[in-house]
Amino acid sequence: MKIRTKLTLGVGLLFILITLLTFVGARYINALKNDTENILEANYITLEYARDMLMALDEVTADSTAMNILEENLEKQQANITEIGEREATRQLLGHFKMLQANRAEESVHLLIRKDIAEIMRLNMEAIQRKSNVAKQTAASATIWVATTGTLCFLIAFTLLINLPGNIANPIRALTDSIKRIAANDYSQRVYFEDHSEFGELALSFNTMAEKLEEYNNSNLSKLLFEKKRIETLINNMHDPVIGLDENKKILFANDEALKVTGLKPEQLIGQQAQDVSLMNDLLRSLVKDLVLTESTDTQSKKQPIKIFADNKESYFEKEIIDIAIVPTGEKEKRQIGHVIVLKNITPFKELDFAKTNFIATISHELKTPISSIKMSLQLLENQQTGAINEEQKQLIDSIKEDSRRLLKITGELLNLSQVETGNIQLNIQRSTPYEILHYATEAVKTQATQKKIDIQTDVPENLPAVKADTEKTAWVLINFLTNAINYSPEQSRITIRINQTDKHVNFSVSDQGKGIEKRYKDKIFDKYFQVPGSNKSGTGLGLAISKEFIEAQNGSIGVESEIGMGSTFYFNLAVVEG
Ligand code: ADP
């Protein structure tokens, strides 16, 4: 039954019962009132007339007015005949009254009148008695009816009081609970109300809504799962190894390629802490090194390609670490949520690089012999062993000599480069003195300096200790510093070579008065093939790169101090031979 009908019926029934109670009460009260009035009007007044007539009868003989009172009351009695037999009794009284009028003193008439009045009084008293019983009965049934109706009202009101609030509140509570659970993502919630009240309809609507929410949630979930699968497949199909980590360095995913190169099973990698896996896997250690050692400054290792032996072949990879940051919904600041390590397979480039290096090595090696023989032939021509030469021919010979010197320098640099690139630097480390290296270098650049009228000064103390060095390669570096200094300095300037000892190292430096080097190029000039833009000298850009490799291979350090317009000082240092 509907709540509205229930309420209408309950309250309506109460209303009817209250009305009925009022009606019954009023009806019986009215009946009682009528009964009482009836007694008063019909019988009590007659008794009063009878009493007055009796009193007047006593006075009749002595008082003439008594006769009038008697007559008066008799007339009133005649007008108030209510009971059966009262009419005859009154008529008989009237007859006897007439006899009294004829003879007032007649005692027998007195007696007859008294009897008549007594009869009238008896009739009325009996009537009073009877009517009083009727009133009593009316009062009794009034009590019964009022009590019955009252009890009925009470019972209905009591039933409504017990049932109605629960009838309304219980479904509301059940609904509230279900709504709360749905709010907590439990979409399996349903409500059932057995009756067909408004709550039944509400439950039906609620269940439809819950079903739709569940459907929506499931479809979203399956969509998400599908998208996840798609991304996983995408990452798996990438030819480059990819490893994803969260912000706490826990490995979230690794594609098939990553598993192949690390040689680990998915369960050994995924879900593990990167630091833990690093302990047992060298490759992973080198991959996550920069992440685990926070703020690593080892830029060198970042650049170095990683060599991995997998699938029976050597492959080269370049590591790239991508930091993943998002702006969470409702926030403004970016938050780091993890990293992705991508290994770019650079094996094909490496193979090409190897081919290039081999080609350069072969070519430069093959060129060296003919250039040397050109130089020898020039020597013979210059010494006029094949005949006299004129001034013009001499100039041509000088120019060819200069060109072949440069050619020899370039081929030498290229050969050195191929050694460096293949990792085949053959070092002949021995005990050598700084003076020996200095002499070797200054001798080599003497003519070049003289041609440019450059004064090479040396600031070298005595008793310098011996150093651990490959004399030839170290001298090559010093020659390269000096050649550069000559090339990039104006004519008639000065170049100073300084050698001094600092603690356990011997420091070599070459200062010139050239145009200097901009700060931003200070590191770059040690890169292969790099030349400061605008420096129109016909070099290769290889000299300083090879110098760096040579010095670092001997555990020394190399660098430059320079300011634009103030000249440059190139330096390197080597360890002192101990003991
Ligand atoms: P190359 O001299 O063959 O070009 P290097 O590797 O020896 O190659 O030098 C790299 C670059 O550094 C040069 O091209 C030049 O721009 C700059 N450089 C080297 N030495 C000096 C110097 N003493 N003064 C100014 N610039 C220099």
Side-chain angles (χ1 to χ4, degrees), residues 357 360 363-364 367-368 371 402-421 425 437-438 441-442 444-449 451-459 472-499 507-553 556-573:
T357 309
I360 289 176
I363 293 288
S364 46
L367 283 176
K368 245 186 145 179
I371 297 168
E402 174 56 24
D403 286 343
S404 48
R405 189 194 62 78
R406 276 181 47 209
L407 264 178
L408 208 62
K409 182 178 176 271
I410 292 170
T411 44
E413 279 181 357
L414 289 174
L415 251 177
N416 281 333
L417 174 79
S418 57
Q419 265 189 30
V420 166
E421 286 192 338
I425 307 176
I437 297 167
L438 175 69
T442 43
V445 298
K446 214 159 69 187
T447 2
Q448 237 182 308
Q451 276 171 4
K452 255 184 125 175
K453 298 189 183 69
I454 287 175
D455 175 23
I456 298 183
Q457 292 193 348
T458 50
D459 177 1
E472 210 180 304
K473 293 201 163 54
T474 312
W476 190 95
V477 175
L478 197 57
I479 293 169
N480 188 56
F481 279 4
L482 287 167
T483 335
N484 278 347
I486 295 166
N487 279 340
Y488 302 110
S489 292
E491 287 198 359
Q492 295 181 341
S493 60
R494 194 174 59 234
I495 291 171
T496 314
I497 305 174
R498 287 191 189 85
I499 307 179
N507 189 60
F508 294 74
S509 72
V510 175
S511 307
D512 60 47
Q513 296 175 321
K515 61 171 181 171
I517 297 160
E518 271 185 69
K519 210 174 171 189
R520 57 186 164 141
Y521 297 129
K522 267 162 90 177
D523 284 330
K524 293 202 124 199
I525 53 169
F526 290 95
D527 288 347
K528 275 187 279 184
Y529 306 110
F530 182 83
Q531 293 185 301
V532 173
S535 59
N536 51 0
K537 298 287 166 190
S538 54
T540 54
L542 290 172
L544 289 176
I546 295 167
S547 301
K548 188 170 154 67
E549 293 286 342
F550 279 176
I551 296 299
E552 282 177 356
S557 60
I558 191 167
V560 64
E561 272 160 21
S562 180
E563 242 172 85
I564 255 328
M566 304 289 285
S568 321
T569 298
F570 282 85
Y571 63 84
F572 66 85
N573 50 43

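Read the numbers this way: they start at 1 and go in the same order the structure lists the ligands and their atoms. In this chain, residues are counted from 1 in sequence order.
When only interatomic distances are considered, the shortest N/O to N/O separation between Glu413 and ligand 1 does not fall below 3.5 Å. By the 3.5 Å distance cut-off applied to N or O atoms, Ala545 is not counted among the residues near ligand 1. Taking only nitrogen or oxygen atoms, main chain and side chain alike, Gly539 does not reach within less than 3.5 Å of ligand 1. Polar contact with ligand 1: absent for Lys409 (N/O pair, distance under 3.5 Å).
Using modelled atom types and a 3.5 Å distance limit, the side chains of Ser511 and Thr569 yield a donor-acceptor pair. Neither side chain, Gln457 nor Asp459, offers a donor N or O lying under 3.5 Å from an acceptor on the other.
Contacts between Phe570 and ligand 1 below 4.0 angstrom, taking non-hydrogen atoms only, involve the side chain exclusively. The proximity of Ile517 to ligand 1, defined as any non-hydrogen pair under 4.0 Å, is limited to the side chain.
Heavy-atom contacts of Ser568 reach the following atoms of ligand 1: 24 (N) (cutoff under 4.0 Å). Counting atoms of ligand 1 from 1 in the listed order, those under 4.0 Å from a heavy atom of Ile525 are 12 (O). In the vicinity of Leu544, heavy-atom distances shorter than 4.0 Å reach the ligand 1 atoms 5 (P), 6 (O), 7 (O), 9 (O), 10 (C), 12 (O), 19 (C). Near Leu542, meaning under 4.0 Å from any of its heavy atoms, are these atoms of ligand 1: 6 (O), 8 (O). For ligand 1, the atoms sitting less than 4.0 Å from at least one non-hydrogen atom of Phe530 are 10 (C), 11 (C), numbered in the order shown with element in parentheses.
Within the 6.0 Å centre-distance limit, the rings of Phe572 and Phe481 are counted as a close aromatic pair.
Taking 4.0 Å as the cut-off between side-chain N and carboxylate O, Glu421 and Lys528 count as a salt-bridged pair. Of the charged side-chain nitrogens involved, none lies within less than 4.0 Å of a carboxylate oxygen, so that Arg406 and Glu402 do not count as a salt-bridged pair.
Within a 6.0 Å radius of CZ in Arg494, no more than 12 heavy atoms belonging to other residues, nucleotides or ligands are found.
Taking a 4.0 Å cut-off on heavy atoms, Gly541 registers as neighbouring ligand 1.
Residues Gln448 and Ile454 fail the side-chain proximity criterion, which asks for heavy atoms closer than 4.5 Å.
Side-chain atoms of Lys515 never come within 3.5 Å of backbone atoms of Ile564 as a donor-acceptor pair (strictly under, hydrogens ignored).
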